[in-house]
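Each remark here refers to the structure printed beneath this line.
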Amino acid sequence: KTSNKLENENEVVIKDPVTNNLIRLENTGGDAFKLYGKLCSELGLNEYDTMEYISYLCEAPQWGNGCIDPIIFLADITQESSCDSKNIGDSGNAVGFGQFHTVAVDQVNKIYDTNYTYADRANPKKALEMMSLYLRYCRANTNSTEEMLAMYNQGFPKAINTQDGRKYVNDVYSNLE
């Protein structure tokens, strides 16, 4: 399942990619758009600066390296935490925007030679950095955005072949409807 709204062209050509992404997000009309203001508030940034930061995390070589669509990234943040950096799930084991377990922090640190702490999962900006790095890792080990999302949730490359993996991907995309 993919969102056709992401593929539709706007009639007005916008040269600024940040503004274009804001329009794309608004055009989805889904929960990712509805909760975007909450994400902005959590980051202490206005709408434009939040999208600029999200786009940077998705596209910059040191972060997502262009393999993560900013709108999909926002849908995943919405799915994981409802844009609440203080969200705690999985019986206290999953924390923050990306609902990272300690093992995911350890994995990001090992793969990218970073020094994130478990407490960083509740830090809005650091949580998003870790999330973009882990999604980058997932994308490098899969063949599609859908497989990347399933791996992010389930922890292994062929997770899209599981019922839980497919459900997760559908749930992420439903945040854009």
Side-chain angles (χ1 to χ4, degrees), residues 1-2 30-32 35-36 38-45 50 53-176:
K1 178 179 176 182
T2 60
D31 287 344
L35 292 173
Y36 185 68
K38 183 176 182 181
L39 178 66
C40 297
S41 178
E42 291 267 346
L43 292 170
L45 300 171
T50 296
Y53 180 64
I54 294 298
S55 298
Y56 169 75
L57 288 176
C58 291
E59 297 163 4
Q62 67 270 36
W63 300 112
N65 200 28
C67 66
I68 309 164
D69 182 312
I71 307 307
I72 299 297
F73 189 60
L74 289 165
D76 203 22
I77 296 164
T78 303
Q79 182 60 35
E80 289 292 338
S81 65
S82 297
C83 299
D84 182 352
S85 65
K86 294 168 187 56
N87 191 309
I88 297 175
D90 291 346
S91 302
N93 295 312
V95 178
F97 282 141
Q99 289 296 281
F100 263 49
H101 288 244
T102 56
V103 68
V105 175
D106 294 340
Q107 194 169 13
V108 166
N109 284 335
K110 181 179 178 184
I111 295 165
Y112 295 103
D113 194 28
T114 53
N115 296 303
Y116 292 106
T117 66
Y118 300 147
D120 288 339
R121 297 176 297 166
N123 176 306
K125 289 188 178 179
K126 289 184 179 188
L128 292 176
E129 290 172 3
M130 286 189 287
M131 192 173 178
S132 73
L133 288 172
Y134 192 67
L135 282 165
R136 175 182 171 184
Y137 168 74
C138 293
R139 186 63 182 96
N141 286 282
T142 59
N143 296 314
S144 69
T145 298
E146 290 76 17
E147 289 179 359
M148 171 190 72
L149 291 168
M151 182 177 172
Y152 180 89
N153 180 254
Q154 298 292 306
F156 58 96
K158 294 298 180 188
I160 194 69
N161 296 328
T162 68
Q163 183 176 353
D164 288 342
R166 287 187 302 274
K167 180 183 180 322
Y168 181 79
V169 171
N170 287 334
D171 289 346
V172 170
Y173 280 117
S174 74
N175 288 306
L176 299 174

Between Y168 and Y152, how do the two ring planes meet: parallel, tilted or perpendicular, split at 30° and 60°?
parallel

Residue pair [X] / [Y]: nearest heavy atoms and the distance that separates them:
X: S132; Y: L57; value: CB-O, 3.6 Å
X: G155; Y: Y134; value: CA-OH, 4.1 Å
X: M151; Y: A159; value: N-CB, 4.0 Å
X: R166; Y: I160; value: CG-O, 3.0 Å
X: C67; Y: M148; value: O-SD, 4.3 Å
X: T162; Y: G165; value: OG1-N, 2.9 Å

Give every residue pair that meets the salt bridge (charged side-chain N to carboxylate O under 4.0 Å, His left out) criterion with at least one member in residues 88-114, sequence neighbours excluded.
none

Quick note, salt bridge (charged side-chain N to carboxylate O under 4.0 Å, His left out) partners involving residues 124-144, not counting sequence neighbours, are D120-K126

When rounded to the nearest 0.5 angstrom, what is the spacing between [atom1] in [X] and [atom2] in [Y]?
X: N87; Y: S82; atom1: CG; atom2: OG; result: 6.5 Å
X: R121; Y: F100; atom1: CZ; atom2: CZ; result: 9.5 Å
X: D84; Y: I77; atom1: CG; atom2: CD1; result: 12.5 Å
X: T78; Y: L74; atom1: OG1; atom2: CG; result: 6.5 Å
X: I68; Y: L135; atom1: CD1; atom2: CG; result: 4.5 Å
X: Q107; Y: M130; atom1: CD; atom2: CE; result: 12.5 Å

Does some side-chain heavy atom of [Y] sit less than 4.5 Å from a side-chain heavy atom of [X]?
X: N153; Y: E80; result: yes
X: C40; Y: L45; result: no
X: C138; Y: E147; result: no
X: V95; Y: Y118; result: no
X: D69; Y: C58; result: no
X: I72; Y: T145; result: yes
X: Y53; Y: L128; result: yes
X: N175; Y: L35; result: no

Give a yes-or-no answer on whether the side chains of [X] and [Y] include a donor-acceptor pair shorter than 3.5 Å.
X: Q99; Y: S81; value: no
X: Y173; Y: E146; value: yes
X: N109; Y: T114; value: yes

Tell me if a side-chain donor or acceptor on S41 pairs with a main-chain N or O of K38 at a distance below 3.5 Å.
no

If you apply the rule side-chain contact (heavy atoms from CB on, under 4.5 Å), what do you find for T117 with V105, and how did you get there?
CA-CA 7 Å; T117 66; V105 175; over 6 Å; no

